[in-house]
Enquirer: 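Here you go, one structure.
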Amino acid sequence: MEVHAGRFQGQPVSVWDVLSSSYLSQARREELLAQHAAGALALPGLVAVLTQVVEETERRLSKMSFPGLRRQVTASQLGVSRVLDPETLQGLAQGTKSPQEVMKMDSVKRYLEGTSCIAGVLVPARDQPGRREKMSVYQAMWKGHLRPGLLRPSTATLLLEAQAATGFLVDPVRNQRLYVHEAVKAGVVGPELHEKLLSAEKAVTGYKDPYSGSTISLFQAMKKGLVLRDHGIRLLEAQIATGGIIDPVHSHRVPVEVAYKNGYFDEEMNRVLADPSDDTKGFFDPNTHENLTYMQLLQKATLDPETGLLLLSLSSG
C-alpha cells in the first residue's frame, strides 16, 4: 500500500507492516484482523482503514510542537527524523504522553537542544588564591591582552565559532544562550567578530545554494565548495561532539543514519572524523598547547554545577 504521511511516506510498505506498526493499538489491530478473517473487511477496505488511521494520527502529531534550534518542530517531523521512536509517537497520539514529558527525555533533548559546548572558561582569581573565576570565552580573550597566557585571540575565535555552529553563543556568567546578533548587541562578543561568527552560525541556519536557491546543510555546503574543507570539518566535528549533525531545514539535530539519508553527512566524512589525525584536530588546548579534536577538548572541560555548562579550566592567568 502507499502511505502519504509519516515515517512510511514515500516508500513501499506492506499492509502487514502498517498493521503491525505503532499506529494501531493491540486491540484495534486484533479487531481489524478478525474482521478481515471473517470476510467482513476485504483487503481494499482494510487498506482504506489503515490509510485513514495513519493520516489521522499524523494530523494529531503535526499539531504538537517542540522548540527546535530556531523554530518549532512538530512531533510528526521528529518521527520522520527518528528522533521520536514509534512508541513515543503512539503515546503522544493517544494522549498517554504529553509533549512536556517527551521534551524532558534525554534522548529527545539531545536532538532538540544538543549537549553543552565549551561554554566558557575558569580562570585562577588573581586576588584570592585557590578560587576560580568564571568567564565567557570573549572576556578571557579580551583580558588576555592584559594578562598574558589567558586565552589567545586565535584560540578564542575557534571556540566562539564552535559555539555559533552548534546552536548559540553562550554567556556562562548569566547562563544565557544567544543568537550571534543578540550576543553582539548584549556585549557578550565584540562587533569585530560579528561577520565571522555569523558565517559560522550558518551551520545552524543553513547556507543558500547559489544554483537552486534552497537551504543546504554545512556538509552540503562543503561539497559544493561554499565552505573550506578544514573549516567545515572543524564545525561539523563540533556539531557531532555536542549531540549530532544539525538539519537546518527542520532546525534540529538528527541521528547519523538520517543525516546519511538526507545528504547531510556521508560514510567517507564519518571515517575522516572517526579517526582523529592532524587534519581533524582543529582546536587548540590553551594549557598543553596541543592540537585536539573538539571532543577531546570537551573531555578536558569541567561541569559547572550551577548551570550544567562545560567550562575549560585555564592553568595560567
Side-chain angles (χ1 to χ4, degrees), residues 5-7 9-10 58-85 88-89 92 98-117 119 160-170 176-184 197-209 212-224 226-227 232 235-265 269 294 309:
R7 59 187 180 277
Q9 184 176 357
E58 290 299 331
R59 268 196 295 273
R60 285 196 294 273
L61 293 173
S62 67
K63 292 177 182 177
M64 299 177 191
S65 62
F66 299 81
L69 291 166
R70 289 296 183 275
R71 54 188 172 275
Q72 294 292 107
V73 190
T74 67
S76 180
Q77 174 55 44
L78 293 176
V80 171
S81 297
R82 301 184 194 174
V83 172
L84 298 183
D85 60 43
T88 302
L89 289 166
L92 285 168
S98 70
Q100 291 73 25
E101 285 178 82
V102 171
M103 220 158 43
K104 292 177 182 176
M105 295 165 57
D106 288 340
S107 59
V108 177
K109 282 177 69 175
R110 169 184 172 174
Y111 292 108
L112 290 177
E113 301 175 9
T115 55
S116 179
C117 57
L160 289 169
E161 284 182 328
Q163 286 187 7
T166 56
F168 304 89
L169 292 178
V170 185
Q176 292 180 323
R177 301 192 309 166
L178 304 163
Y179 302 154
V180 168
H181 72 273
E182 291 175 335
V184 173
L197 296 179
L198 276 178
S199 178
E201 191 176 46
K202 287 182 181 178
V204 178
T205 58
Y207 300 80
K208 186 174 182 180
D209 186 330
S212 67
S214 59
T215 298
I216 58 175
S217 71
L218 170 59
F219 176 70
Q220 290 167 328
M222 289 169 62
K223 298 287 278 187
K224 289 179 180 286
L226 303 177
V227 176
L235 301 185
L236 198 57
E237 198 253 319
Q239 286 190 355
I240 294 168
T242 56
I245 296 162
I246 292 173
D247 174 348
V249 176
H250 299 107
S251 198
H252 62 83
R253 295 167 189 265
V254 294
V256 170
E257 63 272 16
V258 177
Y260 283 157
K261 180 182 175 184
N262 293 344
Y264 298 156
F265 201 45
M269 184 57 67
Y294 199 70
L309 297 171

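For clarity, every value in this text was computed on a predicted model and none was experimentally measured. Atom set for the values below is all heavy atoms of this structure, side chains included, hydrogens, waters and symmetry mates excluded.
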Enquirer: Distance only, no hydrogens: is a donor on one side chain within 3.5 Å (strictly under) of an acceptor on the other, for S217 and Q220?
Expert: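 On atom types as modelled, these side chains qualify, holding a pair under 3.5 Å.
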Enquirer: Please round to the nearest 0.5 Å and tell me the distance separating atom CE of M103 and atom OG of S65.
Expert: 9.0 Å
Enquirer: Under 4.5 Å between any side-chain heavy atoms of M105 and T88, yes or no?
Expert: yes
Enquirer: Using side chain to side chain contact (heavy atoms under 4.5 Å, CB included), reason through H181 and V184 one step at a time and then give a plain yes or no.
Expert: CA-CA 5 Å; H181 72 273; V184 173; 5.8 Å; no
Enquirer: I need the minimum non-hydrogen distance between P248 and I216, along with the two atoms involved.
Expert: CG-O, 3.8 Å
Enquirer: Determine whether a donor-acceptor pair (N or O, by modelled atom type, separation under 3.5 Å) exists between the side chain of Q9 and the backbone of V80.
Expert: no
Enquirer: Taking the side chain as C-beta and beyond, is there a heavy-atom pair between T242 and Y294 under 4.5 Å?
Expert: yes
Enquirer: Can you see whether Q77 engages S81 through a side-chain donor-acceptor pair at a distance of less than 3.5 angstrom?
Expert: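 There is such a pair (donor and acceptor under 3.5 Å, judged by atom type) between the side chains of Q77 and S81.
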Enquirer: When rounded to the nearest 0.5 angstrom, what distance separates OG in S251 from CZ in R71?
Expert: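 Those atoms lie 4.5 Å apart.
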Enquirer: Could you walk me through whether L89 and R7 satisfy the side chain to side chain contact (heavy atoms under 4.5 Å, CB included) test, starting with their C-alpha distance in whole Å, then the side-chain angles of each, then the deciding distance to 0.1 Å, before giving a yes or no?
Expert: CA-CA 11 Å; L89 289 166; R7 59 187 180 277; 3.9 Å; yes
Enquirer: Looking only at non-hydrogen atoms, find the nearest pair between V73 and G68 and report the distance.
Expert: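 Looking at all heavy atoms of both residues, the closest pair is CG2-CA, 3.7 Å.
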Enquirer: For the pair R253 (side chain) and T166 (backbone), establish whether a donor and an acceptor sit closer than 3.5 Å, ignoring hydrogens and angles.
Expert: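 Here the side-chain-to-backbone pair exists.
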Enquirer: Distance check, rounded to the nearest 0.5 Å: K109 atom NZ versus F66 atom CZ?
Expert: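 Reported value, rounded in 0.5 Å steps: 13.5 Å.
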Enquirer: For the backbone of V180 and the side chain of E201, can you confirm whether one donor and one acceptor N or O come within less than 3.5 Å of each other?
Expert: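 Yes, because the side chain of E201 sits within donor-acceptor range (under 3.5 Å) of the backbone of V180.
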Enquirer: Could you report the tightest heavy-atom contact between F265 and F219, atom names first, then the distance?
Expert: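 Nearest heavy atoms, F265 then F219: N-CD2, 3.4 Å.
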Enquirer: A238 and A162: which non-hydrogen atoms are nearest, and at how many Å?
Expert: CB-CB, 4.1 Å
Enquirer: Quick one, L78 and L112 - any side-chain contact, counting heavy atoms below 4.5 Å?
Expert: yes
Enquirer: Just how far is it from atom CG of D106 to atom CD of E113, taken to the nearest 0.5 Å?
Expert: 10.0 Å
Enquirer: If you compare all heavy atoms of T215 against all heavy atoms of T205, which two are closest, and at what distance to 0.1 Å?
Expert: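 Shortest heavy-atom contact: CG2-O, 3.8 Å.
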Enquirer: Rounded to the nearest 0.5 Å, what separation is found between the NZ atom of K208 and the CG atom of L226?
Expert: 12.0 Å
Enquirer: Okay, side chain of R70, backbone of G167: is any donor-acceptor separation there less than 3.5 Å?
Expert: yes
Enquirer: Are the side chains of V249 and Y264 in contact, using a 4.5 Å heavy-atom criterion?
Expert: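 The answer is yes, as the side chains (C-beta and beyond) meet within the 4.5 Å cut-off.
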Enquirer: Is the closest side-chain heavy-atom distance between E161 and L197 below 4.5 Å?
Expert: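 When only atoms from C-beta onward are counted, L197 and E161 do touch, with a gap below 4.5 Å.
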Enquirer: Of the non-hydrogen atoms in V204 and A165, which two are nearest, and what is the gap between them?
Expert: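 Scanning both residues completely, I find the closest heavy atoms to be CG2-O, 3.4 Å.
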Enquirer: Could you measure the distance from the CZ atom of F168 to the CG atom of L69? Nearest 0.5 Å is fine.
Expert: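 Those atoms lie 5.5 Å apart.
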Enquirer: Would you check if L218 and I246 make a side-chain contact, meaning some heavy-atom pair closer than 4.5 Å?
Expert: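 In short, these two side chains do not touch, never coming nearer than 4.5 Å.
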Enquirer: Hey, mind stepping through T74 and L61 against side chain to side chain contact (heavy atoms under 4.5 Å, CB included) and telling me if it holds?
Expert: CA-CA 7 Å; T74 67; L61 293 173; over 6 Å; no
Enquirer: Tell me, with the steps shown, if Y207 and V227 meet side chain to side chain contact (heavy atoms under 4.5 Å, CB included).
Expert: CA-CA 9 Å; Y207 300 80; V227 176; 3.6 Å; yes
